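Worksheet for the structure shown next.
Computed from a predicted structure; not experimentally measured. Heavy-atom basis, side chains included; hydrogens, waters and symmetry copies ignored.
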Amino acid sequence: MKSQTSDLAASAAHGSARRSRTLFTIACALATFVVFIALGAWQARLELNARRSDVAHDVISSIESMVDRVSSEHGRLVRLAGMPCDVARIELETSETFIPYIRSAALVKDGVIYCSSSFGPNTVHLSTYLGEFRRDGPSYRLVPGTVAHPGRATLLVFFPSTTPDPLGAGVLFYIDGVYLSDVLRDDSHLGMDRIVLRNGRAALTLDGMTSNVDAEPPTLSSSRYPIDVVVDAAPSLTRSVYRRQLVIFGPIGLAFAALLAWLMANSLAPRRLLLRAVRTGLARGEFEVRYQPVIDLANGACIGIEALVRWAHPRWGDVGPAAFIGIVENDPLIVPMTHSLVERALDDLHTHRVPPHLHLAINLSPRHLQNRQGVNELTRLLRTHARGRGVIAEVTERQLFDDRRAALASFEQLRAIGVRFALDDFGTDRNTLSPLQAFHFDFLKIDQGFVAELEYGRTDLVRGIVALARQIGLTVIAEGIESTRQHERLLELGVEFGQGYLHGYPMTAARLARWLVAEPRGDGGDGGDGLDTSSPTDERTVQPDSAASGEASATSTSTSTSTTSIPSDAARRRAHDA
């Protein structure tokens, strides 16, 4: 039975794993909620940008309509440029009447504004307002004021005359800034805090003109005139939009987070139920050990046994290891489970007087090798219960090297008490020469999938594995031998040892003892590693265990001969069906 320390350690490990799963589920649920909150904020930002764009579009459209109206009028007036002011003023005043937002229209000749619809004759230089201006097309300039109205913002639009004039001739329109401000003011009621109309380095806001234009990108620019608009939403509108979107997305996020947590909890439920059942089964002694012989392929002598776990569940019946080992191996429960089964196996073999020269092969999971306390307890168990029997620890390659330092330390600790190591299921994962040499394995077990290929004459892979093993000094053991053809091929390829249904099914310790006594199996060498046997064996087959039919005895045929005799496939099937 496990010690109190082991129970406490297992309970603590189980509690830690449960807390980790709970924290992971909570973290995933919180992450889902945060994602939906972020989506709500993103949607709010899109809505605010759309509103800003709509307001900017309204402003640009209004200003463009004004300039378009002026542009349609200039063709009638530009011909007046150069005419005497008293003659042309009447038509200028008429134009001003037709376009209400024009404060004044003026004629330009030789670069001088010489006639205004509002003030008559004038002598203001055009460069006073426009500086550099185009002579081949319209010029636009937003100014804070004019000579007549110095504090009144105005948008000036100058159309040059078709008659060439190096100093400038044409018609100049003054669009009153009051109308421009009204456009901005109307759109500010839509929840905008700041609307800026920009032209070059000049800008018009509701607070007046400014020449300090920042580098803020425009919300929208006119495609036809050199003006753009910058719009900022009011804080109250921003808060309202964000609040509304979060009210929508927040509950959805909570619902999805709860759904995810429920799905995760239910997806882990079968795993938790299985682990709970395994824990209960260990306490009730539902797990049993079966032993499969390891054979010297040259003479058929049994030189060792591999311990295999079986679960006799009171409701589910016999449960094979494939149904639970994969899950248990990734849980701290594997440590006390392995300890219990190894203790059971050593006691079984001693109780049934299985010769100690037959080594015992046990499977160790990566979690066990990385658990310092678990390795210490296993070390103490082997010292007190091995009773001179050699132990081989089989380690699966695919997870062994995740924590190389811890695994190496465990290897050295167990090797110090005589444990040797076999690399199990070789050929199914990331096999490299470096890890094999670093961990100094003693044996290499060829996976049964590659052994099955020998049935069809495909020998290249096994031949390569054997060559690699010989190069680095490993003894090769083949798994899953089920036919005489596979047996013979392995011998031809130089494989020394193997196990499989051809030679012996997994069996109880009592049946193993009878199976060994029924026929001579060889003396196992000097009682050391049990891999130096040379005695011949009789032809024999062994029936598999069956919970329904109870423990069956071995079936033996023929008598002892001086040569190796391997049972035929037909004889093996007849014995299996008996």
Of all heavy-atom pairs between [X] and [Y], which one has the smallest distance, and what is that distance?
X: Ala257; Y: Thr32; value: N-CG2, 3.9 Å
X: Val289; Y: Ala345; value: CG1-CB, 4.2 Å
X: Val335; Y: Gly374; value: CG1-CA, 3.6 Å
X: Thr238; Y: Leu48; value: CG2-CD1, 3.8 Å
X: Leu358; Y: Gly304; value: CD2-N, 4.0 Å
X: Arg372; Y: Ala406; value: NH2-O, 4.4 Å

Please report the interatomic distance [atom1]([X]) to [atom2]([Y]), rounded to the nearest 0.5 Å.
X: Glu455; Y: Ile481; atom1: CD; atom2: CD1; value: 11.5 Å
X: Arg458; Y: Arg463; atom1: CZ; atom2: CZ; value: 14.0 Å
X: Thr338; Y: Leu333; atom1: OG1; atom2: CG; value: 9.0 Å
X: Asn371; Y: Leu364; atom1: CG; atom2: CG; value: 11.5 Å
X: Leu444; Y: Ile477; atom1: CG; atom2: CD1; value: 9.0 Å
X: Leu461; Y: Leu454; atom1: CG; atom2: CG; value: 9.0 Å

Do the two ring centres, one from His503 and one from His487, sit under 6.0 Å apart?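 They qualify: ring centres under 6.0 Å apart.
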For the rings on Phe36 and Phe256, is their centre-to-centre separation under 6.0 Å?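 Between Phe36 and Phe256, the centre distance is under 6.0 Å.
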Side chain to side chain, [X] and [Y], heavy atoms closer than 4.5 Å:
X: Asp442; Y: Thr475; answer: no
X: Val342; Y: Leu382; answer: yes
X: Arg290; Y: Thr508; answer: yes
X: Phe33; Y: Leu254; answer: yes
X: Tyr505; Y: Pro293; answer: no
X: Glu306; Y: Asn363; answer: yes
X: Arg244; Y: Val241; answer: yes
X: Phe421; Y: Phe439; answer: no

Say whether, by atom type as modelled, one donor and one acceptor occur between the side chain of [X] and the main chain of [Y] under 3.5 angstrom.
X: Arg389; Y: Val354; answer: yes
X: Arg387; Y: His385; answer: yes
X: Gln370; Y: Ala407; answer: no
X: Arg344; Y: Phe287; answer: yes
X: Ser340; Y: Pro336; answer: no
X: Ser240; Y: Ser236; answer: no

More than 12 heavy atoms of other residues, nucleotides or ligands under 6.0 Å from [atom1] of [X]: is that the case?
X: His313; atom1: NE2; result: yes
X: Arg415; atom1: CZ; result: yes
X: Arg45; atom1: CZ; result: no

Applying side-chain hydrogen bond (donor to acceptor under 3.5 Å, both in side chains) to Gln245 and Gln43, what does each step give before you reach the verdict? CA-CA 7 Å; Gln245 294 297 339; Gln43 184 63 33; 5.1 Å; no
Side chain to side chain contact (heavy atoms under 4.5 Å, CB included) between His359 and Ile303: does it pass, once the steps are laid out? CA-CA 7 Å; His359 73 261; Ile303 48 84; 3.7 Å; yes
When you check the gap from the basic side-chain N to the acidic O, do Glu492 and Arg489 get nearer than 4.0 Å?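 A salt bridge is present here (some side-chain N lies under 4.0 Å from a carboxylate O).
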